[in-house]
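Everything below concerns the one structure shown next.
First the proteins, then the strands, lettered A, B, ... as listed; each starts at 1.
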Amino acid sequence: MSEAVRTIEAGRPPERFARGWHCLGLVRALGDGQPHGIEAFGTKLVVWQGADGELKVLDAYCRHMGGDLSQGTVQGDNVACPFHSWRWGGDGKCQQIPYARRVPPRARTRAWTTLVRDGQLFVWNDPEGNPPPEGVTIPEIPGYADGEWTDWVWDQTLVDSSHCREIIDNMVDMAHFYYIHKGLPTYFKNVFEGHVCTQYYAGTTHEIAATGLPIDIGQYEGQQTKSDATYWGPSYLVDKLWNSYGDLTIESVLITCHYPISSTSFMLLYGMVMKKLPGMDDATNAMIAQKMLAMIGEGFLEDVKIWKNKTRIDNPLLCEEDGPVYQLRRWYEQFYVDVADITPEMSQRFEFEIDTTKAVDFWQKELMEKEAAKASSS
Amino acid sequence: MDPVQCSRCGTTVEVSKASAAQTSIQWYGDSSSCPLRADLSVGDTCPYLSDSIRDAVLEGRIEVPAT
Ligand code: FES
Ligand SMILES: [Fe+2]
């Protein structure tokens with residue numbers, strides 16, 4: 001009898017876009033008085049700041065003759081289309097047609113519900129057209145408004161030929177932190193509840209592990225890196241990070257978020273604020289934050305390289321040291337179905353802690369052997 | 001999975017362990033029945049529930065495969 005070979009089920013990426021808040025970028029970049037075009041949610045959006053200081057988001061294609069509003073100009077609170085200068089307000093209504101006696105009664109385009117939080121702009125996407133439910137929001141960073149943190153360092157990268165589920169999978173993927181991100185996870189736990197998904201991570205570095213010092217396993221506290229990362233909805237990850245270098249602990253908040261462009265491409269945005277280090281001026285603090293973000297950015301590029309070359313897989317074959325991939329995807333599914341079709345399995349609380357004993361033991365041995373080989377060859 | 005009742009709030013969850021250090025906890029519904037919830041981070045396991053699970057393991061009500 002021949003042994004059955006496992007077959008990959010690639011499935012198909014969903015046609016619709018996730019219900020939830022999506023960050024489009026920083027207010028400081030989008031609020032410069034110019035209209036900005038953003039390809040997202042299978043169409044194009046226009047973002048601008050009106051004279052009233054508010055950021056507004058509409059579908060970019062003018063409902064008159066299809067002009068691209070992001071190529072137009074800001075006129076007072078409105079955006080003017082470059083084609084025939086129809087003026088659109090942030091509420092989606094055509095406010096004025098300079099050459100016409102009156103505006104047709106049904107001149108209304110799609111206005112996106114916006115939220116500004118700690119210097120970032122969000123839009124609410126819901127294929128059913130409902131407003132955000134009570135309690136579904138983006139948390140504030142405590143102390144951000146009081147200047148305890150550096151200003152944002154921020155970057156973005158386009159990921160084409162992948163659905164954004166790939167980046168969500170990272171939430172439960174303990175082992176890839178070793179192979180892709182040069183980390184060594186020693187504690188790893190996931191919790192799903194409602195529209196929220198958390199990953200607790202503690203770990204050390206390859207360098208520290210290679211010294212052969214004993215590694216404390218299964219403890220959230222006391223490692224070189226500690227991270228508490230939560231997705232608030234389908235696309236916005238707030239990662240509270242503590243990195244220790246001897247006596248110095250750097251505390252930062254790393255944002256990893258995305259908005260879908262099509263069902264097979266998305267924009268990956270990432271940014272960071274760092275708790276200002278006492279005794280250092282703002283410029284030095286900003287420089288450290290910039291350096292940390294650059295390193296994290298390199299890590300994302302490693303992820304992107306994997307995504308570009310991997311296949312979509314709906315039936316991953318897992319071992320015990322892998323995190324709860326199926327439960328994660330069940331949780332993620334809630335954002336792609338109508339609210340009425342969300343099942344208890346998608347939103348009930350589920351907690352999963354990985355046993356890292358075998359992994360840490362193997363990885364440390366591997367790193368020590370590499371170190372020894374390096375030492376004997378030099 | 002085996003049921004475990006929290007000794008503090010009486011909520012019943014289902015628990016399984018693949019090893020001494022691995023734990024899965026399936027709740028039925030949200031965790032609002034936990035009186036500590038408001039003071040805990042979303043990802044924190046309630047310490048009373050953790051104790052109840054530990055007791056269940058000690059009493060052999062949850063099977064822990066030998067490693
Ligand atoms: S006290 Fe029972 S679950 Fe928290
Ligand atoms: Fe990753």
Only pairs under 3.5 Å count here: list side-chain donor-acceptor contacts from residues 133-144 of chain A, not counting sequence neighbours, and write none if there are none.
unit_1: T137(A); atom_1: OG1; unit_2: R117(A); atom_2: NH2; d: 3.3
unit_1: Y144(A); atom_1: OH; unit_2: W152(A); atom_2: NE1; d: 3.4

| query | Do other residues, nucleotides or ligands put more than 12 heavy atoms under 6.0 Å from E128(A) CD? | reply | yes
| request: Using ring pair (Phe, Tyr, Trp, His ring centres under 6.0 Å) as the criterion, list what pairs up with Y259(A), not counting sequence neighbours. | output: none
| field | Minimum-distance pair of heavy atoms, taken over all atoms of G43(B) and T198(A) | value | CA-CG2, 4.0 Å
| note | Residues of residues 338-352 of chain A with a heavy atom under 4.5 Å from any heavy atom of chain B, in residue-number order, are Q348(A), R349(A), F350(A), E351(A), F352(A)
| request: Can you measure from CG (D44(B)) to CG (D228(A)) and round to the nearest 0.5 angstrom? | output: 7.5 Å
| field | K275(A) NZ: over 12 foreign heavy atoms closer than 6.0 Å | value | yes
| request: State the OG-CD distance between S24(B) and Q327(A), to the nearest 0.5 angstrom. | output: 7.0 Å
| request: Could you tell me which residues in residues 169-194 of chain A have at least one non-hydrogen atom under 4.5 Å from a non-hydrogen atom of chain B, sorted by residue number? | output: K189(A), V191(A), E193(A)
| field | Reported CD-to-OG1 distance for the pair Q22(B) and T356(A), which is rounded to 0.5 angstrom | value | 11.5 Å
